[in-house]
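What follows is one structure encoded as structure tokens, with my remarks underneath.
First listed ligand is number 1; within each ligand, the first listed atom is number 1. Sequence positions, counted from 1, serve as the residue numbers for this chain.
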Amino acid sequence: MAKYKRILLKLSGESLMGDQQFGIDFKMLKHYALQVQQLVEKNIEVAIVIGGGNIFRGMQAEKSGMDRVQGDYMGMLATVMNGMALQSALEGIGVFTRLVTAIEMQAIAEPYIRRKAIRHLEKGRVVIFSGGTGSPYFTTDSTAALRANEIDADVILKGTRVDGIYTADPEKDSTATKFDKLSFAKVISLGLSVMDMTAFTLCQENNLPIIVFDINDTQNLMRIIEGEQVGTLVEG
Ligand code: UDP
């Protein structure tokens, strides 16, 4: 029996880069697509929110003198490109998908309509949410929190390079230890960063669990679905 029936997987733009400094590594796309396929074969409903940081970030553009809002829209467009690439990878291995965007672009993606997105999930199609929230000043983590609540997902699975939440950054501090489970309040009191605050509080207020896990381990998604303790669970 699966522990979670409907999941929202958050993939950052950077997770598509692989070893590259920029852009999309097609090996990484295939790697994610194969993992998602395994879930679909087990009748898990999968929604994905894709980031855009591998191509463009509004905040960085602002530092170079660009108007923030303009930069944010460019960042949102970057997520659509990533979404298209991910859709291609999934369809290439026979997984049915729908690419949805918060900014209307009818030639390439469906506009976001909540009921329609839910219907796709019920029919076993993987729904890729692109275009972020459609509004500047937000992030794709906030998009993940928002859409997960809207579609009534059981959990947000935040795939990262590290295998959970640590007392300190394990890539910089060798004494850092990992948490298996944390409450929302504890994350705040310890000053840990799981997602940006807007995203995090949206999950907290609606009691939507978040699991931070290592996406590079190909077994992890399936283990999580089967209820194994993987990564760090934030809930309650
Ligand atoms: N963005 C935005 N509104 C949103 C989502 C994203 O303005 O609702 C912009 C923002 O400039 C952000 C960029 O799109 O820097 C890429 O998204 P994000 O940084 O969240 O991508 P990730 O870090 O997940 O790759």
Side-chain angles (χ1 to χ4, degrees), residues 7-26 28-29 31-32 36 46-87 89 99-105 108-114 117 127-151 153 156-162 165 169 171 192-203 208 210-216 231:
I7 61 146
L8 189 138
L9 174 65
K10 165 70 209 295
L11 287 178
S12 69
E14 280 176 4
S15 67
L16 302 186
M17 290 193 309
D19 296 329
Q20 302 172 184
Q21 296 300 311
F22 176 84
I24 301 168
D25 177 345
F26 288 85
M28 293 312 290
L29 284 178
H31 167 81
Y32 299 129
V36 169
V46 184
I48 304 173
V49 167
I50 184 85
N54 55 326
I55 302 174
F56 205 86
R57 279 185 208 277
M59 238 152 56
Q60 275 165 11
E62 192 183 30
K63 285 185 194 136
S64 318
M66 187 184 239
D67 174 63
R68 167 75 191 264
V69 173
Q70 189 83 340
D72 277 345
Y73 276 111
M74 290 173 73
M76 287 184 259
L77 292 180
T79 71
V80 181
M81 287 205 267
N82 284 337
M84 290 173 77
L86 188 59
Q87 179 176 42
L99 178 64
V100 170
T101 172
I103 299 172
E104 282 205 30
M105 261 181 258
I108 48 180
E110 272 185 18
Y112 172 62
I113 299 167
R114 175 176 169 265
V127 176
I128 305 166
F129 291 116
S130 68
T133 59
S135 296
Y137 298 104
F138 288 94
T139 62
T140 51
D141 275 359
S142 297
T143 311
L146 180 64
R147 297 289 184 246
N149 279 301
E150 287 184 87
I151 64 167
I156 294 184
L157 303 180
K158 188 174 154 80
T160 66
R161 286 185 306 184
V162 279
I165 304 170
D169 183 347
E171 286 175 357
L192 301 167
S193 75
V194 176
M195 287 178 156
D196 62 80
M197 254 349 233
T198 312
F200 189 76
T201 44
L202 200 53
C203 294
L208 181 73
I210 306 164
I211 297 176
V212 178
F213 72 104
D214 177 4
I215 184 83
N216 291 320

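- Residue Lys158 holds its NZ atom at 9.5 Å from OG of Ser15, rounded to the nearest 0.5 Å.
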Go through the steps to decide whether Met195 and Ile156 satisfy the test side chain to side chain contact (heavy atoms under 4.5 Å, CB included), and finish with yes or no. CA-CA 11 Å; Met195 287 178 156; Ile156 294 184; 3.8 Å; yes
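- Every heavy atom of Ala78 sits 4.0 Å or more from the atoms of ligand 1.
- In this structure, Lys10 is part of the shell of residues with a heavy atom less than 4.0 angstrom from ligand 1.
- Taking a 6.0 Å sphere around CG of Asp169, one finds it holds more than 12 heavy atoms contributed by other residues, nucleotides or ligands.
- Residue Gly53 has at least one nitrogen or oxygen atom sitting less than 3.5 Å from a nitrogen or oxygen atom of ligand 1, judged on distance alone.
- Remark: Met66 CE is packed, more than 12 non-hydrogen atoms of other residues, nucleotides or ligands lying under 6.0 Å away.
- Within the set Asp72, Ile55, Leu11, the minimum heavy-atom distance to atom 9 (C) of ligand 1 is found for Asp72.
- Ligand 1 has at least one atom lying under 4.0 Å from a heavy atom of Ser135.
- Backbone and side-chain nitrogen or oxygen atoms of Gly13 are examined, and one is located within less than 3.5 angstrom of a nitrogen or oxygen of ligand 1.
- Using a 4.0 Å cut-off between heavy atoms, Thr143 contacts ligand 1 through its side chain alone, with no backbone atom that close.
- Within the model, atoms CD1 of Ile165 and OG1 of Thr160 stand 9.0 Å from one another, a figure rounded to the nearest 0.5 Å.
- Counted within 6.0 Å of CZ on Arg161, heavy atoms from surrounding residues, nucleotides or ligands total 12 or fewer; the atom is thus considered open.
- Within the set Val69, Thr140, Leu16, the minimum heavy-atom distance to atom 18 (P) of ligand 1 is found for Thr140.
- Considering both main-chain and side-chain atoms, Phe138 comes within under 3.5 Å of ligand 1 through a nitrogen or oxygen pair.
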**Message:** Using side chain to side chain contact (heavy atoms under 4.5 Å, CB included), reason through Leu77 and Phe56 one step at a time and then give a plain yes or no.
**Reply:** CA-CA 9 Å; Leu77 292 180; Phe56 205 86; over 6 Å; no
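- Ligand 1 does not have Tyr73 within reach: every non-hydrogen atom of the residue lies 4.0 Å or more from it.
- Below 3.5 Å of separation, one finds an N or O of Gly52 facing an N or O of ligand 1.
- Atoms of ligand 1 found under 4.0 Å from any heavy atom of Phe56 (numbered from 1 in listed order, with element): 13 (C), 16 (C).
- Ligand 1 has a nitrogen or oxygen under 3.5 angstrom from a nitrogen or oxygen of Arg57.
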Practice item. Please report the C-alpha distance between Asn82 and Asn54 in whole Å, then the side-chain angles of each, then the deciding distance to 0.1 Å, and finally whether the side chain to side chain contact (heavy atoms under 4.5 Å, CB included) criterion is met. Key: CA-CA 9 Å; Asn82 284 337; Asn54 55 326; 2.7 Å; yes
